[in-house]
Amino acid sequence: MATERTLTIIKPDAVAAGHIGDIIKIFEANQFKIVAARLVKLTKKEAEGFYAVHRSKGFFESLTTFMSSGSALVIVLEGENAILRLREVMGATNPANAAPGTIRKLYAASIESNAVHGSDAPETAAYEMGYFFPGIALI
Ligand code: CMP
């Protein structure tokens with residue numbers, strides 16, 4: 001198994017609800033190491049750029065409005081098989097389908113306000129880490 005880096009965002013709903021500490025505790029309990037972090041309040045344009053791959057989706061407008069609605073914590077995590085493993089720890093996009101004990105089962109309210117984001121593949125991880133941390137090493 002390879003050491004990887006991946007990008008996660010603790011989204012505005014989870015930050016506003018006071019769950020930053022709870023979620024970081026889960027990252028650390030699952031052997032993810034924080035290698036970079038920034039508390040941001042995205043502009044609508046920044047949220048649109050980050051989620052550009054979803055531009056054609058019906059939820060794009062609402063998603064980017066939500067993501068620019070309040071503070072969010074953007075983090076680069078490192079660990080063995082980090083990209084896939086983080087997605088398992090987060091749980092399904094829709095919290096209604098998320099497994100017990102996952103971050104979204106514990107803290108997400110809806111498919112849009114779903115507490116956390118995680119890169120879904122090596123290519124998207126590279127794009128997303130570069131979007132918030134230009135120049136950061138991929139490994
Ligand atoms: P995330 O993992 O950040 O990737 C894209 C985001 O779009 C997703 O989490 C949700 O917040 C949102 N999303 C995905 N599907 C839907 C949907 N059907 N309706 C509303 N929001 C969605």
Side-chain angles (χ1 to χ4, degrees):
M1 251 193 288
T3 299
E4 290 176 334
R5 289 183 172 183
T6 189
L7 188 104
T8 186
I9 304 178
I10 302 180
K11 295 187 179 188
D13 58 326
V15 173
H19 291 313
I20 288 177
D22 299 316
I23 292 171
I24 288 180
K25 218 173 176 49
I26 294 173
F27 292 155
E28 292 183 332
N30 283 277
Q31 288 77 51
F32 291 103
K33 193 173 90 181
I34 293 174
V35 295
R38 278 179 63 197
L39 188 70
V40 297
K41 173 145 187 345
L42 298 180
T43 64
K44 182 81 159 54
K45 285 248 166 312
E46 287 169 332
E48 288 170 1
F50 180 75
Y51 280 118
V53 67
H54 294 301
R55 194 169 286 280
S56 64
K57 309 265 174 64
F59 57 80
F60 182 73
E61 177 60 30
S62 171
L63 171 64
T64 52
T65 297
F66 159 62
M67 287 300 290
S68 54
S69 67
S71 296
L73 187 63
V74 185
I75 301 172
V76 175
L77 293 175
E78 183 178 279
E80 289 298 305
N81 203 16
I83 297 170
L84 191 66
R85 242 172 16 86
L86 176 65
R87 292 180 68 78
E88 290 169 2
V89 167
M90 290 193 308
T93 304
N94 186 344
N97 303 327
T102 59
I103 294 170
R104 284 170 171 157
K105 191 59 160 190
L106 289 166
Y107 302 119
S110 71
I111 192 167
E112 178 175 277
S113 296
N114 63 353
V116 281
H117 167 82
S119 308
D120 65 2
E123 303 71 36
T124 38
Y127 172 77
E128 292 177 359
M129 289 191 285
Y131 194 80
F132 287 111
F133 301 95
I136 196 166
L138 300 184
I139 294 291

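One-based numbering, in listed order, for ligands and for the atoms of each. Atom set for the values below is all heavy atoms of this structure, side chains included, hydrogens, waters and symmetry mates excluded. Just so we're clear, the structure is a prediction, and the values are computed from it rather than from any experiment.
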**Shared hydrophobic cluster for V35 and I83 (ILVMFWY, side-chain gaps under 4.5 Å)** = no

**Prompt:** What pairs meet the ring pair (Phe, Tyr, Trp, His ring centres under 6.0 Å) rule with one or both residues in residues 63-111, with sequence neighbours excluded?
**Reply:** H19-Y107

Counting only pairs under 3.5 Å, give me each side-chain donor-acceptor contact of residues 131-139, with atom names and distances, residues two or more places apart or in other chains.
unit_1: Y131; atom_1: OH; unit_2: E46; atom_2: O; d: 2.7
unit_1: Y131; atom_1: OH; unit_2: F50; atom_2: N; d: 3.3

**Asked** Hey, which residues fall under 4.0 Å of ligand 1 on heavy atoms?
**Response** K11, Y51, H54, F59, L63, T93, R104, I111, E112, N114, H117

**Request:** Look at the side-chain heavy atoms of Ile, Leu, Val, Met, Phe, Trp and Tyr, link any pair under 4.5 Å apart, and say whether I23 and M67 land in one connected group.
**Result:** no

**Request:** Applying ring pair (Phe, Tyr, Trp, His ring centres under 6.0 Å), name anything that partners F60, two or more places apart in sequence or on another chain.
**Result:** none

**Prompt:** Any chance the side chains of K44 and S68 put a donor and an acceptor closer than 3.5 Å?
**Reply:** no

